[in-house]
Structure formats: C-alpha cells, structure tokens
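Working notes, beginning with the structure itself.
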Amino acid sequence: MTKKVRVRFAPSPTGGLHIGGVRTVLYNYLFAKQHGGTFILRIEDTDQSRYVEGAEAYIFDCLDWCGLTPDESVMHGGDFAPYRQSERKDTYAKYAEQLVKNGFAYYAFDTPEELDEMRQKFKTHDNPSPQYNYEIRERMRNSLTLGEEEVQRLVSAGAPYVVRIKMPINEEIKFTDMIRGEVSFSSALVDDKVLLKADGMPTYHLAVVVDDHLMQISHAFRGEEWLPSAPVHILLWKYLFGLEQMPQWAHLPLILKPDGNGKLSKRDGDRLGFPVFAMDWTDPRTGDKATGFKETGFLPQAFVNMLAMMGWNDGTEQEIFTIDELVEKFSLERVHKSGAKFDYEKAKWYNHEWIKKLAVDRWQLAVKDDFAKRGIDISGDAKLKRVLELVKDRCSLLTDFYEQAKFFFEAPKTIDVDSIKGKWNEEKTAFFREWASSFDKVEWNAVTLEASFKERASSKNIKVGELMLPLRIMLVGGKFGPGVFDIAEVIGKSETQQRIEHALRLL
RNA sequence: GGCCCGUUCGUCUAUCGGCUAGGACAUCUCCCUUUCACGGAGGAAAGACGGGUUCGAUUCCCGUACGGGCUACCA
C-alpha cells in the first residue's frame with residue numbers, strides 16, 4: 001500500500017536561504033503537488049548557539065516570494081504541530097532513552113576537552129580525523145566502559161552527558177535512493193554520532209528521524225551532503241520505528257560554484273558578483289549583507305524555472321516552464337546524479353525570457369519600486385506601461401529598466417555630444433530649431449513625427465542618416481534605446497523641444 | 001588519510017546498445033535595425049582513460065584517473 005505523500009523541507013534558521021535550499025524546497029513542492037500530497041516546513045533549530053534573529057521569518061518571506069507555500073508549518077499550522085524542533089525538545093529524550101535501553105545507544109560523559117584530546121592523540125598522517133567509533137569508544141568515558149554504578153553515580157550527580165548511537169561493528173547498511181539507486185555502507189566505518197546533546201536537545205540525526213516519523217513523512221529529500229550520514233538515519237529507523245515505516249530517500253545533487261569546483265557559497269556570489277540567496281539578507285550579528293535574487297531584479301517565475309532546470313529536465317528541449325507545468329512534468333527519475341555549476345548568464349537569460357513572456361502588469365510594480373528607490377517617482381501607470389513595453393527587449397533584469405528607461409521620465413544628465421560634434425554644422429542646428437518649432441502643426445505621434453522629420457530633411461537636402469543619431473543623443477543622451485520617434489511621442493511635445501534646445505546649446 | 005557519490009561541447013544538458021552525438025547559455029560570423037538591443041541564419045565546440053560484455057558501446061560491467069561531499073555535543 002502506498003502512504004499518503006507528505007514531504008518536508010527542514011531548514012536550520014541560521015542565515016540567508018541559499019539557492020540550493022530553494023531548489024530543495026521546489027522539488028519537495030513539485031513532488032507534493034503532483035501527488036496531491038502535503039508540503040511541510042519544519043524548523044530545525046536544535047542548535048541554540050546558532051540561533052539567528054529573524055532568520056525564520058526570512059525563510060517564510062523567501063518562500064512567499066517564490067510562491068512555494070507550505071501546507072503545514074509554524075506559520076500555517078497543521079495537525080502535527082509544533083513545527084519548530086526547539087518546541088519538541090521533550091519528545092526526543094524519550095526515544096534516546098529507548099535506544100539506550102535496547103542497547104543501540106549509550107551515554108557518553110566525555111567533555112569537549114577530552115574529545116579534543118582524543119582526536120589529538122589518535123591523529124596520524126594516515127588518519128587525520130579520528131572518529132569516535134567502535135574502537136575508540138572502548139577507551140572513552142561512557143556507559144559501555146564505566147560500569148553501571150559509576151554511570152548511575154555520574155547521572156545522579158548531574159554530570160553532563162550525551163547519548164551516542166552504538167554503531168554495529170560489522171553490518172552492511174544499504175538503502176535505495178530514489179536518485180542514486182542502491183547505496184551501501186559498512187557500519188564499522190561510521191562513527192558513533194551524538195544523538196542527544198548535553199543540553200538535552202537532539203542533534204539533527206535523532207531529530208530528523210523522530211520528526212519524520214511523527215509527521216508521517218513519506219519521502220525525504222535533502223542535499224547530497226547528507227548522504228554520508230544516511231546510514232545513521234537508516235539504523236535509527238530500524239531501531240525505533242522499523243524500516244517499513246521509513247520514508248523513501250532522495251539525495252539531491254549539489255549546486256556548484258561557476259568557476260573551479262565545490263559547493264556554491266555566499267562568498268562565491270560576493271566574489272563573482274551575483275546573488276546566492278533568494279532575497280536580501282543581513283546577518284543581525286555581523287551586519288554582513290548579502291543580496292538576493294529578488295532585489296537583483298529577478299522574477300520569481302524565472303527564479304523557480306531556472307532552479308528547476310538545475311538538475312532536472314523533462315527530456316524534451318523545452319526550457320521555459322510555468323510552475324503548473326513543472327508540477328505536471330516533474331519526476332525524480334529525471335533528476336540528475338551529478339552536481340551542476342551555477343551559470344549566472346543563463347540565469348539572466350531565464351529572467352529575460354520571463355520578462356518577455358509575462359504581461360507587463362505582472363511586474364510593473366516591482367520596476368516602479370526600483371525607480372522610486374533610485375529617485376524617480378512615476379505617477380502615470382499608463383505611461384510606465386508603454387515605456388516598459390518599449391524597452392523590455394533589452395532588459396534581462398527588472399533593475400535594468402532604470403538605465404534603459406529613466407530618460408523617459410527625466411532629461412538625461414549627460415549628453416554624449418562628442419559623438420556628433422565632429423560632423424556638426426549650422427545647417428543641422430537650423431534644421432532642428434525649425435523642426436522643433438513646427439511641432440504644433442503635426443499630430444503628436446511617432447509615425448507623423450517621423451514623416452515630418454524625413455520630409456524636412458529632404459527639403460533641406462540633409463541625409464536623414466546624418467540627423468537620426470543627433471536626435472537620439474538629444475533625447476536619450478547616448479547611443480541606445482528604442483526607436484527615437486517612439487521616445488519623442490512618449491516624452492511629449494514640450495519635453496522634446498526642451499531637450500533639443502538644450503542639446504543645441506551644447507553643440 | 002578513510003568512507004560515500006559523481007564524470008557528454010567553456011557551462012546547463014539530450015541520448016535509456018545503432019550517433020553524421022541533438023538543444024540552450026556564452027562565444028564567433030552574417031542578416032535585420034539610420035542607435036543599442038530583440039530577432040533570424042550560420043560556425044566553432046563534448047562522450048576522462050584502460051580493460052571487458054556485445055555484431056555493435058557515450059550508453060552495461062570492472063579498474064584507473066580526476067572532481068565533489070562527509071569525516072562537530074552544526075545543520
């Protein structure tokens with residue numbers, strides 16, 4: 001029988017939401033929606049020393065922006081509350097005790113200093129990082145070596161202790177990953193991971209298994225970096241709830257840095273000049289700022305589309321997908337095994353495609369906000385829309401519109417007269433003065449404007465080609481932008497006259 | 001070091017034994033455009049290496065190399 005599909009994304013609220021995290025959310029979301037299942041957001045805040053103010057709210061903001069709303073969460077409620085692990089603290093100890101009682105785990109009294117000492121002592125060239133494993137545990141202070149009375153004494157004396165899993169000495173642990181197929185590990189080579197910390201909080205290892213069980217998770221997706229600890233989780237499932245109950249695992253490929261190799265990090269973004277987080281994030285402790293895709297000018301549709309394609313495709317040559325299409329077509333079987341280097345140029349291409357695809361109304365407000373932020377307040381939405389329509393082909397990011405369209409709203413501050421000065425003469429000055437003063441006689445639109453411009457040029461015996469660039473520079477300030485007569489039409493008669501006159505005085 | 005995972009154009013990828021190895025981004029050339037783009041046409045560009053299996057391997061298997069991940073009382 002098949003369980004009802006319930007998936008979860010379980011971030012630790014310690015900082016900005018990385019695109020790898022958003023992609024994990026996406027795949028969770030797509031899988032849940034496709035199967036009529038439930039998407040849960042669980043906050044894994046078991047490390048109190050890493051608590052970061054605002055990080056949790058930030059995660060919800062990011063998911064909101066992306067349109068990947070959880071069905072159950074701290075914010076949205078649900079039958080399996082609480083969804084914050086710090087609020088579930090009491091439930092974990094019980095399972096840890098059960099494991100100890102059944103001989104699958106043990107108390108360890110070693111202090112951090114003693115652990116350090118152990119690592120120093122056993123560190124060799126061949127073994128740079130000794131593990132707390134089946135060999136080492138015999139030489140440490142734990143309930144396996146201390147004897148029952150001593151353990152009792154320590155516990156009742158309030159000595160701090162952790163609970164560690166007792167990895168079997170020689171067992172093959174295997175499972176079938178939905179993406180990688182069968183994966184196997186030798187238990188002897190996995191260390192005795194801490195399950196319950198001295199402060200009574202579980203580590204990820206215990207918490208993920210207990211909560212996935214309690215929340216009836218059917219499929220567990222996470223990044224590939226978790227693969228090495230999978231055997232611990234498999235064993236815990238076996239000891240606690242039975243392997244038949246275990247969700248199906250899918251370890252997602254990593255998103256790699258564009259140059260060189262390795263996981264993409266915030267530092268790579270800073271170094272190479274592109275966002276790595278979904279939205280702007282400022283670390284409240286360090287004041288460290290990181291820019292987000294949203295603020296850089298990405299559309300959520302494009303962002304999600306691009307992320308979906310990093311590690312998956314539908315087997316056809318289609319690259320642009322709406323979220324609904326993704327929900328329909330997504331399949332784990334087509335998720336790749338290997339990591340993908342992040343390509344910012346391609347990311348911008350996706351955004352440009354979405355700018356062209358979506359109706360201007362869908363993103364007009366974001367551009368308006370960006371303009372306002374940079375000191376241009378736009379009153380008329382109709383004009384804005386017309387302008388956006390005119391320049392959208394040359395903007396990959398929403399923030400590109402500022403440079404591409406600000407001259408529609410205010411006269412250019414610098415005029416590139418140098419480009420036309422060389423071939424300038426009195427006849428041209430006269431031409432522009434006369435043309436500008438004839439505006440009252442023409443209907444104000446691009447077509448008639450262009451006609452009158454060309455007519456006058458030929459009657460004056462000046463090549464139109466000699467006048468087009470000058471006109472553009474007068475109105476725009478430089479060699480760019482859409483058709484000049486469209487620009488003139490939009491900025492209006494008197495503004496056009498003023499800009500021509502202003503430029504003429506500079507020549 | 002150990003363990004685990006991976007390996008097709010510069011990058012993202014298609015191919016589930018028949019390939020003249022396809023597409024997209026980037027790049028180059030040309031066309032369109034009296035600006036810059038968009039757009040259109042075309043070019044260059046890949047199967048890490050060595051063994052098998054097979055009539056036939058990019059595709060399956062095994063090694064090697066390379067890359068990555070993990071190796072905390074962090075997730």
Side-chain angles (χ1 to χ4, degrees), chain A residues 10-14 44-47 49-50 108 110-112 115-116 119 123-133 160-164 177 179-180 183-186 188-191 193-205 207-208 222-231 251 253-254 256 258-263 306 309-320 333-334 336-350 352 356 391-396 404 419 454 463-473 476 478-484:
Chain A
S12 160
T14 51
E44 306 238 349
D45 56 347
T46 53
D47 187 352
S49 68
R50 294 215 305 166
D110 317 282
T111 63
L115 289 172
D116 260 5
R119 290 192 184 103
K123 186 172 167 179
T124 63
H125 177 72
D126 279 349
N127 184 10
S129 42
Q131 298 188 308
Y132 200 117
N133 62 10
Y161 65 86
V162 301
V163 174
R164 285 181 182 270
D177 185 273
I179 292 169
R180 278 147 226 286
V183 183
S184 70
F185 301 83
S186 165
L189 298 163
V190 182
D191 60 337
K193 292 265 184 263
V194 170
L195 265 22
L196 201 69
K197 297 185 265 192
D199 64 1
M201 278 289 201
T203 59
Y204 171 82
H205 306 295
V208 73
R222 64 189 357 175
E224 192 189 347
E225 69 267 29
W226 289 107
L227 206 43
S229 58
H251 289 88
L254 267 17
L256 277 14
D259 59 337
N261 294 295
K263 269 202 285 190
M306 181 254 332
M309 303 310 285
M310 296 219 75
W312 173 86
N313 69 80
D314 76 340
T316 72
E317 279 165 8
Q318 183 176 349
E319 292 191 272
I320 302 300
E333 295 73 53
R334 294 198 64 88
H336 311 138
K337 293 179 173 73
S338 52
K341 289 186 183 180
F342 177 68
D343 182 349
Y344 188 49
E345 293 305 316
K346 187 82 186 234
K348 285 194 286 190
W349 175 81
Y350 277 105
H352 194 193
K356 289 188 281 182
V391 300
K392 67 178 184 181
D393 280 347
R394 57 204 81 206
C395 297
S396 302
Q404 289 298 324
S419 294
K454 288 183 172 170
K463 283 188 195 143
V464 177
E466 303 256 309
L467 299 167
M468 291 290 275
L469 186 63
L471 176 60
R472 167 170 301 281
I473 287 178
V476 176
K479 293 185 236 182
F480 63 97
V484 250

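A, B, ... follow the sequence lines: proteins, then strands. Residue 1 opens every chain. Just so it is clear, the structure is predicted and the values come from calculations on it, not from any experiment.
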Touch class at under 4.0 angstrom, heavy-atom based, for [X] against every strand present:
{"X": "A:Met309", "answer": "sugar-phosphate"}
{"X": "A:Ala198", "answer": "base"}
{"X": "A:Gly481", "answer": "base"}
{"X": "A:Pro112", "answer": "base"}
{"X": "A:Lys463", "answer": "nothing"}
{"X": "A:Val162", "answer": "base"}
{"X": "A:Arg334", "answer": "sugar-phosphate"}
{"X": "A:His336", "answer": "sugar-phosphate"}
{"X": "A:Lys263", "answer": "sugar-phosphate"}
{"X": "A:Val183", "answer": "sugar-phosphate"}
{"X": "A:Ser186", "answer": "nothing"}
{"X": "A:Arg50", "answer": "base"}
{"X": "A:Thr46", "answer": "sugar-phosphate"}
{"X": "A:Ser338", "answer": "sugar-phosphate"}

Across all strands, who's sitting opposite [N] as a Watson-Crick or G-U wobble pair, both distances under 3.5 Å?
{"N": "B:rC16", "answer": "none"}
{"N": "B:rC66", "answer": "B:rG6"}
{"N": "B:rA44", "answer": "none"}
{"N": "B:rU34", "answer": "none"}
{"N": "B:rA24", "answer": "B:rU11"}
{"N": "B:rU54", "answer": "none"}

Candidates [options] - which lies nearest the side chain of [X]:
{"X": "A:Lys346", "options": "B:rC3, B:rA24, B:rA75", "result": "B:rA24"}
{"X": "A:Arg119", "options": "B:rC70, B:rC73, B:rC4", "result": "B:rC73"}
{"X": "A:Met468", "options": "B:rC73, B:rU34, B:rC5", "result": "B:rU34"}
{"X": "A:Lys341", "options": "B:rU34, B:rC3, B:rC12", "result": "B:rC12"}
{"X": "A:Leu227", "options": "B:rC4, B:rU35, B:rC73", "result": "B:rC4"}
{"X": "A:Asp47", "options": "B:rC74, B:rC4, B:rC12", "result": "B:rC74"}
{"X": "A:Asn313", "options": "B:rU34, B:rU13, B:rC12", "result": "B:rU13"}
{"X": "A:Trp226", "options": "B:rC25, B:rC73, B:rA75", "result": "B:rA75"}
{"X": "A:Lys197", "options": "B:rU35, B:rC73, B:rC5", "result": "B:rC73"}
{"X": "A:Thr203", "options": "B:rC4, B:rG6, B:rC73", "result": "B:rC73"}

Modelled atom types, side-chain donor and acceptor of [X] and [Y], under 3.5 Å:
{"X": "A:Ser49", "Y": "A:Asp47", "value": "yes"}
{"X": "A:Tyr161", "Y": "A:Asp110", "value": "no"}
{"X": "A:Asn313", "Y": "A:His336", "value": "yes"}
{"X": "A:Arg222", "Y": "A:His251", "value": "yes"}

For [N] versus [M], give the span between their [atom1] atoms, rounded off to a whole number of Å.
{"N": "B:rA44", "M": "B:rA26", "atom1": "C1'", "result": "13 Å"}
{"N": "B:rC49", "M": "B:rC66", "atom1": "P", "result": "15 Å"}
{"N": "B:rU11", "M": "B:rC61", "atom1": "P", "result": "25 Å"}
{"N": "B:rC12", "M": "B:rU7", "atom1": "C1'", "result": "15 Å"}
{"N": "B:rU53", "M": "B:rA72", "atom1": "C1'", "result": "46 Å"}
{"N": "B:rG47", "M": "B:rA57", "atom1": "C1'", "result": "11 Å"}
{"N": "B:rG10", "M": "B:rU27", "atom1": "C1'", "result": "9 Å"}
{"N": "B:rC30", "M": "B:rU20", "atom1": "P", "result": "33 Å"}

Would B:rC36 be called syn or anti, given that syn covers angles within 90° of 0?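 B:rC36: anti glycosidic orientation.
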
Closest approach of A:His205 to A:Val194 (non-hydrogen atoms, all atoms of both residues):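 Closest pair (atom of A:His205, atom of A:Val194, distance): CD2-O, 4.0 Å.
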
Value in whole Å for how far the [atom2] atom of [N] lies from [atom1] of [X]:
{"X": "A:Lys193", "N": "B:rC74", "atom1": "NZ", "atom2": "P", "value": "11 Å"}
{"X": "A:Gln404", "N": "B:rC38", "atom1": "CD", "atom2": "C1'", "value": "12 Å"}
{"X": "A:Asp191", "N": "B:rG2", "atom1": "CG", "atom2": "P", "value": "17 Å"}
{"X": "A:His251", "N": "B:rA75", "atom1": "NE2", "atom2": "C1'", "value": "13 Å"}
{"X": "A:Lys123", "N": "B:rU71", "atom1": "NZ", "atom2": "P", "value": "15 Å"}
{"X": "A:Glu317", "N": "B:rU13", "atom1": "CD", "atom2": "P", "value": "15 Å"}
{"X": "A:Ile179", "N": "B:rG68", "atom1": "CD1", "atom2": "P", "value": "21 Å"}
{"X": "A:Gln318", "N": "B:rU13", "atom1": "CD", "atom2": "C1'", "value": "15 Å"}

Quick one: are A:Ile320 and A:Tyr350 in side-chain contact, heavy atoms under 4.5 Å? yes

Any side-chain heavy-atom pair from A:Pro258 and A:Lys346 closer than 4.5 angstrom?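 Contact flag for A:Pro258/A:Lys346 side chains = no.
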
Relative to the 5' end of RNA chain B, which residue comes earlier, A:Gly311 or A:Val484, by the nucleotide with the nearest heavy atom?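 Comparing both residues, the 5'-ward one is A:Gly311.
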
Take A:Ser12 and A:Pro482, find for each the nucleotide of RNA chain B with the closest heavy atom, and name the residue whose nucleotide sits nearer the 5' end.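 By nearest-heavy-atom nucleotide position, the 5'-most residue is A:Pro482.
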
Take the angle between the ring planes of A:Tyr204 and A:Trp226 and call it parallel below 30°, perpendicular above 60°, tilted in between. parallel

Quick one: does A:Arg334's side chain have a donor or acceptor within less than 3.5 Å of a partner on A:Gly311's backbone?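 Side chain of A:Arg334 to backbone of A:Gly311: no pair is present.
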
For B:rC36, does OP1 or OP2 lie under 4.0 Å from any side-chain N or O of A:Arg472?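 Answer no for this pair, as no side-chain N or O of A:Arg472 is under 4.0 Å from OP1 or OP2.
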
Are A:Lys341 and A:Asp343 within salt-bridge range, i.e. N to O under 4.0 Å?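 A salt bridge is absent here (no side-chain N lies under 4.0 Å from a carboxylate O).
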
